[in-house]
Structure formats: structure tokens, C-alpha cells
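Quick notes on the structure that follows.
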Amino acid sequence: MNNKKNIKGYKTLISSRFNEYTSTYKLKDGIIYTLYSDEFNSLKVGFAENEKVLEKKLSSEAVILLDIKKGNKQDLFLLITTLKELGIKYSDNLYFKYSGSLMRHLSTLGWPVGRSLYKQRKIKKELVCA
């Protein structure tokens, strides 16, 4: 009977910590984006709180907007962490050297890359009946 109390108390402790964490750390939705710099042949990924903030970034830098998508800062953090684990290097302000493999990784991870620089390969399979 004593074991049941410990298990029940443990579950309560875990759920209260989770609720505390989620209530203090609220994710605000915004826009995740990919920009391309023709001058440096590089990509920049980022997060903007709204369209006005994104427009300000676009007007202050000589970049081309490839694509946008609704998301939050955690999406950007997860992307950066994953790319780092894949060995892809970036600068302090999230610029990546453009490459086909980087575009493939971004597309696979669900990051908005558009269709102007990256076209997904479509694999066609044919069934041959004898």
C-alpha cells in the first residue's frame, strides 16, 4: 500500500513540473523564413514576430525572400540544433553557405525553402510484370 502512495505522488510531481514549465514558457506564433543573398551565395533562416518585422529585415538587407511559413522560435531553435548535429556550419547571424545538400536538409526538415532555388527530385518507379 505504501508503494502506491509513492507512485501516485511521483506522477503528481511530474505533471506539476510540466504544467509549471508550459505556463512560464509560452510560444508565440510568428513567421519562419528563408532568405537568399546573391552577393554572398548564402541562405539566412530566421523568425519574425509579424509581417512588419519581416518587411523591415527585407528592406534593410540586400536579400531575396525564398519562402515563409507560420511557426515559432522553437522551430528555429530545433532547425539550428539539427543542422549543427549534421555538421553544417553557420555564422553568428544564422547565415549558411548555399549548397544543394543544405537545401535538401531544409526541405526534409519542413523548413520553407520555396521552389526558386530548390526543386525536389521526384522518383518514378515502374512495375514490370513478366
Side-chain angles (χ1 to χ4, degrees):
M1 190 166 200
N2 195 10
N3 284 338
K4 289 182 180 182
K5 275 188 170 181
N6 288 341
I7 292 172
K8 190 174 182 181
Y10 179 72
K11 288 180 182 179
T12 306
L13 179 64
I14 294 296
S15 65
S16 66
R17 279 188 176 172
F18 180 73
N19 291 337
E20 180 182 318
Y21 174 76
T22 55
S23 65
T24 57
Y25 184 71
K26 293 185 180 179
L27 298 174
K28 293 183 181 179
D29 281 339
I31 302 169
I32 53 176
Y33 60 84
T34 307
L35 306 175
Y36 175 72
S37 171
D38 195 27
E39 180 181 353
F40 300 109
N41 192 30
S42 62
L43 294 173
K44 181 176 184 175
V45 296
F47 171 81
E49 290 81 15
N50 55 43
E51 290 178 10
K52 289 181 182 179
V53 174
L54 182 58
E55 287 176 16
K56 187 176 179 181
K57 288 181 185 192
L58 289 171
S59 64
S60 66
E61 301 176 33
V63 291
I64 300 165
L65 178 65
L66 293 181
D67 202 3
I68 61 173
K69 183 173 138 179
K70 191 175 182 179
N72 56 46
K73 281 189 178 183
Q74 186 177 14
D75 295 334
L76 177 61
F77 174 75
L78 290 172
L79 176 79
I80 299 304
T81 304
T82 304
L83 291 176
K84 188 176 181 181
E85 288 178 6
L86 291 170
I88 298 175
K89 297 178 182 178
Y90 57 93
S91 67
D92 291 337
N93 42 352
L94 302 180
Y95 275 99
F96 295 87
K97 188 73 176 162
Y98 174 82
S99 70
S101 65
L102 172 62
M103 293 298 283
R104 191 170 48 254
H105 287 310
L106 290 174
S107 178
T108 302
L109 294 169
W111 197 260
V113 292
R115 297 185 186 268
S116 58
L117 292 179
Y118 179 70
K119 295 183 171 70
Q120 287 183 328
R121 287 182 9 201
K122 293 185 180 178
I123 301 171
K124 294 181 182 178
K125 294 184 179 180
E126 292 183 23
L127 295 175
V128 179
C129 298

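Lys89 contributes atom NZ, which lies 14.0 Å from atom NZ of Lys97 (distance to the nearest 0.5 angstrom). Taking CG of Leu83 as the reference point, atom CG of Leu94 lies at 10.0 Å (rounded to 0.5 Å).
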For this session: Decide side-chain contact (heavy atoms from CB on, under 4.5 Å) for Ile31 and Val53; before the verdict, give the C-alpha distance in whole Å, the side-chain angles of both, and the deciding distance to 0.1 Å.
Result: CA-CA 10 Å; Ile31 302 169; Val53 174; over 6 Å; no
For this session: Kindly determine whether Trp111 and Lys69 satisfy side-chain contact (heavy atoms from CB on, under 4.5 Å), including the steps that lead there.
Result: CA-CA 8 Å; Trp111 197 260; Lys69 183 173 138 179; over 6 Å; no
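In this structure Ser60 satisfies the side-chain hydrogen bond (donor to acceptor under 3.5 Å, both in side chains) test with no other residue, sequence neighbours excluded. Residues that satisfy the salt bridge (charged side-chain N to carboxylate O under 4.0 Å, His left out) test with Glu55, not counting sequence neighbours, are absent from this structure.
Pairs engaging residues 29-47 under the salt bridge (Lys or Arg N to Asp or Glu O under 4.0 Å) rule: Lys44-Glu61 [sequence neighbours left out].
Under the 4.5 Å side-chain heavy-atom criterion for grouping Ile, Leu, Val, Met, Phe, Trp and Tyr, Phe40 is not connected to Val63 through any hydrophobic cluster. Following chains of ILVMFWY side-chain contacts shorter than 4.5 Å, one can reach Tyr98 starting from Leu86, so the two form part of one hydrophobic cluster. Note on Phe77: it does not cluster hydrophobically with Ile80, by side-chain heavy-atom contacts below 4.5 Å among ILVMFWY residues.
No option in Leu79, Thr82, Ile88 other than Ile88 meets the side chain to side chain contact (heavy atoms under 4.5 Å, CB included) test with His105. Of the candidates Leu58, Leu65, Asp67, Leu65 is the only one forming a side chain to side chain contact (heavy atoms under 4.5 Å, CB included) with Tyr33.
Side-chain contact between Leu78 and Thr81 is absent, with no heavy atoms from C-beta onward closer than 4.5 Å. The shortest side-chain heavy-atom distance between Ile32 and Val45 does not fall under the 4.5 Å cut-off.
Phe47 approaches Asn72 most closely through the heavy-atom pair CE1-CA, 3.5 Å. Gly71 approaches Asp75 most closely through the heavy-atom pair CA-OD2, 3.3 Å. Residue Leu43 comes nearest to Thr34 through the heavy atom pair CD2-CG2, 4.2 Å, listed as atom of the first residue, atom of the second, then distance. The heavy-atom pair separating Leu66 from Val113 by the smallest distance is CB-O, 3.6 Å.
Between the side chain of Thr108 and the backbone N or O of Arg104 there is at least one donor-acceptor pair closer than 3.5 Å.
The aromatic rings of Phe96 and Tyr90 are tilted relative to each other, their planes meeting at an angle between 30° and 60°.
Within a 6.0 Å sphere centred on CD of Glu51, other residues, nucleotides and ligands contribute 12 heavy atoms or fewer.
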